[in-house]
There are 2 protein chains.
Amino acid sequence: MLITVDPTSAVPLFDQIATAVRIAVVRGEVAAGERLPSARELADSLDLNVHTVLHAYRTLREEGLLEVRRGRGATIATGAGRDYQDLRAALDTLLAEGDRLGLTRQALTGLLTHEETR
Amino acid sequence: MLITVDPTSAVPLFDQIATAVRIAVVRGEVAAGERLPSARELADSLDLNVHTVLHAYRTLREEGLLEVRRGRGATIATGAGRDYQDLRAALDTLLAEGDRLGLTRQALTGLLTHEETR
DNA sequence: CAAGTTGTTCTAGTTCAGCTAGAACAATAG
DNA sequence: CTATTGTTCTAGCTGAACTAGAACAACTTG
């Protein structure tokens with residue numbers, strides 16, 4: 001699983017890490033039970049602080065996507081290996097629609113966050 | 001057009017205002033040329049600073065959704081009256097998919113922001 | 001058991017976006 | 001001309017994000 005980070009982005013670093021993991025899961029690039037690099041390792045390779053990586057891991061655990069325990073490290077949660085075909089299709093469709101209408105990503109995420117299903 | 005704001009939300013206030021306008025446009029609740037309340041008015045009614053509202057208006061203008069000029073105020077841009085049927089459908093589908101998979105809004109917006117079309 | 005690994009918790013300091021506040025100013029409407 | 005409305009500028013405040021270092025608890029491994 002490739003995890004990269006853009007320090008110049010407005011998106012918080014811990015969020016970028018969390019998203020990188022989510023993407024890997026959605027793409028099926030990681031299987032349930034698979035182990036992530038330790039926080040200290042990943043922090044070193046990304047040139048970040050350990051706490052930032054741990055923040056990301058904590059976030060993912062709260063979402064039920066990771067199992068995190070001391071001594072063991074972080075592993076992809078059982079039950080994370082769902083069928084994400086429809087989700088990916090929905091994402092692609094929405095992105096295409098956004099592009100067609102000339103909407104920014106900010107606008108799209110805003111709509112997604114506040115819009116209620118009708 | 002109803003514009004409300006949640007001061008306790010993690011979403012920036014100017015962003016909430018911008019999103020409220022976007023939603024109104026997407027829902028077809030406002031027509032092109034329609035005038036928004038003046039920044040000072042809206043700021044008063046929302047109990048916010050004028051600059052915060054102006055920040056939202058500026059953002060929307062940069063997206064091409066608003067025409068903003070001093071003395072005149074802000075009006076919905078010509079060309080904003082597009083067909084948003086497909087967009088709304090795409091939004092609903094994605095939200096439904098996210099719910100089905102138990103994904104948080106944060107996770108969804110993260111995927112939307114970083115995911116590249118394949 | 002002993003040692004090393006890894007997450008947890010705590011304190012502490014820095015930076016920056018967002019928000020507020022006030023004022024002067026320019027463009028537009030009436 | 002006068003009122004309205006956005007633009008620009010300065011200034012200060014706050015909280016989230018990030019960094020840093022340390023002590024500690026749970027787990028793995030030899």
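Per chain, numbering begins at 1; letters A, B, ... match sequence-line order.
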For B:R100, is the CZ atom crowded, meaning more than 12 foreign heavy atoms sit under 6.0 Å from it?
yes

Answer yes or no: are there more than 12 heavy-atom neighbours, outside B:D47 itself, under 6.0 Å from its atom CG?
no

Write down the distance between [atom1] ([X]) and [atom2] ([N]), rounded to a whole number of angstrom.
X     : N      : atom1 : atom2 : result
B:Y57 : D:dG6  : OH    : P     : 7 Å
A:D44 : C:dG7  : CG    : P     : 12 Å
B:L66 : D:dT7  : CG    : P     : 11 Å
A:I17 : D:dT19 : CD1   : C1'   : 13 Å
B:N49 : C:dA17 : CG    : P     : 18 Å
A:R35 : C:dT6  : CZ    : C1'   : 8 Å
A:H55 : D:dA20 : NE2   : P     : 17 Å

Gap separating the NE2 atom of A:H114 from the OG1 atom of B:T4, nearest 0.5 angstrom
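Answer for the NE2-OG1 pair, A:H114 versus B:T4, is 8.5 Å.
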
5' priority, DNA chain D, between B:V50 and A:P12 [closest heavy atom]
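Its nearest nucleotide being more 5', the pick is B:V50.
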
Side-chain ([X]) to main-chain ([Y]) donor-acceptor, under 3.5 angstrom:
X      : Y      : result
A:E63  : B:T104 : no
A:R105 : B:L112 : yes
A:R22  : A:L60  : no

What's B:E67 touching, base or sugar-phosphate or nothing? Going by heavy atoms closer than 4.0 Å.
nothing

At less than 4.0 Å, is any side-chain N or O atom of A:T52 found next to OP1 or OP2 of D:dT19? Yes or no.
yes

Could you go over nucleotides 9-16 of chain C and give all protein N or O partners under 3.5 Å, atom names and distances?
none

Enumerate the protein-to-nucleotides 25-28 of chain C contacts in which both atoms are nitrogen or oxygen and the separation is below 3.5 Å.
{"unit_1": "C:dA26", "atom_1": "O4'", "unit_2": "B:R70", "atom_2": "NH1", "d": "3.1"}
{"unit_1": "C:dA27", "atom_1": "O4'", "unit_2": "B:R70", "atom_2": "NE", "d": "3.3"}
{"unit_1": "C:dT28", "atom_1": "O4'", "unit_2": "B:R70", "atom_2": "O", "d": "3.3"}
{"unit_1": "C:dT28", "atom_1": "O3'", "unit_2": "B:R72", "atom_2": "NE", "d": "3.3"}

Which heavy atom of A:I3 sits nearest a heavy atom of A:L46, and at what distance?
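Heavy atoms only, the tightest pair is O-CD2, 3.4 Å.
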
For residues A:L87 and B:G98, report the shortest heavy-atom separation together with the two atoms involved.
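Shortest heavy-atom separation between A:L87 and B:G98 comes out as CD1-N, 4.5 Å.
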
Taking C-beta and beyond as the side chain, do B:I17 and B:L48 meet within less than 4.5 Å on heavy atoms?
yes

So if I take every side-chain heavy atom of A:F14 and compare against D:dA17, D:dG6, C:dG7, which nucleotide ends up nearest?
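My answer, after comparing the listed nucleotides, is D:dA17.
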
